[in-house]
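Both counts, for ligands and for their atoms, begin at 1 and track the order of listing. Since the structure is predicted, the reported quantities are computational estimates derived from the model, not experimental observations.
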Amino acid sequence: MIEKRNFYINGQWVAPAQPRDHQVIDPSTEEPCAVISLGGDADADAAVAAARAALPGWMATPVEDRIARVEKLLEIYMERGEDLAQAMSAAMGAPIEMARTQQVGAGAFHLKNFIRAAKAFEFDRPLSDRAPNDRIIHEAVGVAALITPWNWPMNQITLKVGAAAIAGCTMVLKPSEESPLDAMVFAELMDAAGFPAGVFNLVNGDGIGVGNRLTGHPDVDMVSFTGSTRAGIAISKNAADTLKKVHLELGGKGANVIFADADDKAVKRGVMHMMNNTGQSCNAPSRMMVQADIYDQAVEIAAETAAKITVGSAHEEGRHIGPVVNKTQWDKIQGLIQKGIDEGARLIAGGPGLPEQFNKGFYVRPTIFADVTPDMTIAREEIFGPVLSMMKFETEEEAVAMANDTEYGLTNYVQTQDGARANRMARVLRSGMVEMNGTSRAPGSPFGGMKKSGNGREGGIFGIEDFLEVKAVSGWT
Ligand code: NAD
């Protein structure tokens with residue numbers, strides 16, 4: 001079994017000051033695959049002190065040189081892609097092929113976009129032609145605590161580290177205790193890319209330990225957090241005493257509104273999107289709303305599509321879906337599937353229990369409920385598993401009201417061939433992102449939510465700007 005107990009602080013791998021052994025469980029087998037340490041306050045403090053000491057030098061480093069470090073990071077990232085993929089597969093259960101392509105691929109995509117965006121951005125510029133002596137300087141917010149979840153680990157880590165590094169922030173990363181191995185490989189990449197000591201630090205820990213210490217720390221200027229809405233609220237409260245900048249990327253309950261004139265792949269595409277990463281995506285289209293005229297047909301297509309999805313070990317090649325991350329999530333998902341049945345939704349695919357070929361591993365049957373109504377628990381709660389709720393609507397107005405009837409506001413999806421309607425929908429849906437007809441977001445497009453889905457935007461120049469202060473200087477000579 002892999003033993004990786006040290007933390008990366010001030011450019012070195014060091015033994016934790018307050019270690020607690022933590023077994024990382026492989027969700028495909030339920031066997032431990034690694035032992036790491038969870039640190040304590042002293043470890044968080046040491047990492048923050050290193051980041052604080054490195055800040056003046058890194059802020060003073062020309063942005064071209066900071067970009068060059070990220071370019072080097074991207075190069076090494078590509079070389080070590082297989083190590084990252086294996087680490088994610090073992091700890092959070094992404095099937096290896098999907099880990100290589102989508103999970104690792106997402107990180108490369110973000111780093112490339114940051115490099116491109118930063119090269120085109122004026123970090124220092126005159127306010128306007130009419131005020132040539134007034135300048136706008138964008139400078140680093142300072143020391144950033146980066147706290148990430150387990151579901152798309154490289155996606156989230158690169159979104160934060162790449163942007164912070166280019167902005168001139170120094171940082172302490174606390175990855176999820178569910179998927180720490182990929183983050184530790186990533187720390188090796190940061191080391192090899194030649195970032196000065198202290199610019200990037202990694203401490204493993206849990207939320208109430210290291211997470212809590214970092215988010216309340218007087219020497220941390222900013223928290224960039226991705227994870228659950230519950231933890232986001234706790235972090236905001238903890239950060240309030242020191243008035244830190246708090247960037248939050250939280251949960252979601254996306255609507256996928258399918259009008260009767262949608263293209264004929266829309267339902268299948270919606271099901272496949274929902275089940276990708278075993279439903280463990282904040283932007284999953286988990287409420288499929290279908291117009292009444294095509295509802296029965298859509299239910300049939302959805303059931304057929306789900307029946308063809310295979311479930312398998314993360315270590316096997318192939319395009320199946322893997323297990324969910326851990327026993328707690330498995331239990332929670334099973335409870336919600338049962339609730340769907342008890343509250344009267346119509347089960348058309350999957351259902352409770354392990355898929356029949358398994359007797360261990362945290363596998364869930366790809367599950368679809370039809371005739372879900374807006375008041376049902378499965379229509380309201382983020383399930384974070386391969387469970388889709390299908391709902392029926394008659395009119396565009398009804399679809400908008402149903403889609404917006406949620407405390408979340410991350411991504412909504414619209415399927416229609418009527419351009420005018422698509423544009424109307426884009427304006428009235430309350431979410432940070434609206435995606436039409438299966439198109440994916442363009443490079444550099446901002447990712448983030450409204451309402452209880454959070455407040456920041458990540459990716460491209462929007463992500464870099466989140467780590468920057470805007471300084472107005474008048475009387476520049
Ligand atoms: P989680 O909130 O339990 O944990 C996320 C991270 O926060 C972990 O590193 C954890 O140790 C830490 N943490 C937990 N409580 C904390 C606290 N009180 N103080 C400081 N740190 C704390 O979430 P998870 O289960 O790892 O991830 C799933 C959640 O993340 C889902 O709700 C999902 O929607 C959300 N998510 C959002 C996005 C987005 O961009 N909006 C992306 C991916 C995941």
- Query: Any idea which atoms of ligand 1 are less than 4.0 Å away from a heavy-atom of L250?
  - Reply: 34 (O), 36 (N), 37 (C), 38 (C), 39 (C), 41 (N)
- Query: What residue and atom, counting heavy atoms only, is the protein's closest point to atom 39 (C) of ligand 1, and at what distance?
  - Reply: C282 SG, 3.2 Å
- Task: Determine whether more than 12 heavy atoms belonging to other residues, nucleotides or ligands lie under 6.0 Å from atom NZ of K268.
- Result: no
- Message: Looking at P352, is its backbone amide N or carbonyl O close enough to the side chain of Q334 to form a donor-acceptor pair, meaning the two atoms are under 3.5 Å apart?
- Response: no
- Looking only at protein heavy atoms, which one is nearest to atom 28 (C) of ligand 1, and how far off is it? F384 CE2, 3.6 Å
- Checking heavy atoms under 4.0 Å, the part of N151 that sits near ligand 1 is side chain
- Item | Option nearest atom 32 (O) of ligand 1 (shortest heavy-atom distance, choices R230, K253, E382, Q156) | E382
- Item | Nearest-contact summary for atom 12 (C) of ligand 1 - protein heavy atom, Å | I147 CG2, 3.6 Å
- Message: Once you restrict to heavy atoms under 4.0 Å, what part of F447 touches ligand 1? Side chain, backbone, both or neither.
- Response: side chain
- Is the shortest side-chain N to carboxylate O distance from R52 to D221 below 4.0 Å? yes
- Can we say E31 and K360 salt-bridge, meaning some charged N sits less than 4.0 Å from an Asp/Glu carboxylate O? yes
- Note: R380-D405 ion pair, threshold 4.0 Å (strictly below): yes
- Task: Give a yes/no on ligand 1: does W150 have at least one heavy atom closer than 4.0 angstrom to it?
- Result: yes
- Item | N238: which of V246, T215, L214 passes side-chain contact (heavy atoms from CB on, under 4.5 Å) | T215
- Query: Any N/O of K174 closer than 3.5 Å to an N/O of ligand 1?
  - Reply: yes
- Message: For ligand 1 and E458, I'd like to know whether there is a polar contact (N/O to N/O, distance under 3.5 Å).
- Response: no
- Message: Is it the case that ligand 1 has an N or O less than 3.5 angstrom from some N or O of T148?
- Response: yes
- Is it true that a side-chain atom of N277 and a backbone atom of G279 form a donor plus acceptor pair closer than 3.5 Å? no
- Message: Taking K452 first and then E382, would you say they form a salt bridge - that is, a charged N and a carboxylate O separated by under 4.0 Å?
- Response: no
- Message: Give me the nearest non-hydrogen protein atom to atom 10 (C) of ligand 1 as residue plus atom name, then the distance to 0.1 Å.
- Response: E177 OE1, 3.7 Å
- Task: Give the residue and atom name of whichever protein heavy atom lies nearest to atom 27 (O) of ligand 1, and the separation in Å to one decimal.
- Result: P149 CB, 3.3 Å
- Message: Pairs of nitrogen or oxygen atoms closer than 3.5 Å, one from G227 and one from ligand 1: do any exist?
- Response: yes
- Shortest protein heavy-atom distance from atom 7 (O) of ligand 1, along with the residue and atom involved: F225 CE1, 3.0 Å
- Message: I'd like to know if D342 pairs up with K339 as an ion pair, taking the criterion as any Lys NZ or Arg NE/NH1/NH2 lying under 4.0 Å from an Asp or Glu carboxylate oxygen.
- Response: no
- In plain terms, say whether R5 and D21 are close enough for a salt bridge, that is, a side-chain N and a carboxylate O under 4.0 Å apart. yes
- Message: When you measure from atom 30 (O) of ligand 1 to the protein, is at least one non-hydrogen atom found at a distance under 4.0 Å?
- Response: yes
- Note: heavy atom closest to atom 16 (C) of ligand 1, options G207, G456, S176, belongs to G207
- Can you tell which part of P175 has a heavy atom less than 4.0 Å from ligand 1: side chain, backbone, both or neither? backbone
- Message: Tell me the protein heavy atom at minimum distance from atom 1 (P) of ligand 1, and give that distance in Å.
- Response: S228 OG, 3.6 Å
- Residues at least two apart in sequence or cross-chain that pass side-chain contact (heavy atoms from CB on, under 4.5 Å) with F462, listed by chain then number, are P446, R457
- Sequence-distant partners of N455, side-chain hydrogen bond (donor to acceptor under 3.5 Å, both in side chains), two or more places apart: none
- Please write down residue, atom name and distance for the protein heavy atom closest to atom 15 (N) of ligand 1. A231 CB, 3.5 Å
- Item | Charged N-O contact under 4.0 Å between R213 and D43 | no
- L214 and ligand 1 - part of the residue with a heavy-atom distance under 4.0 Å: neither
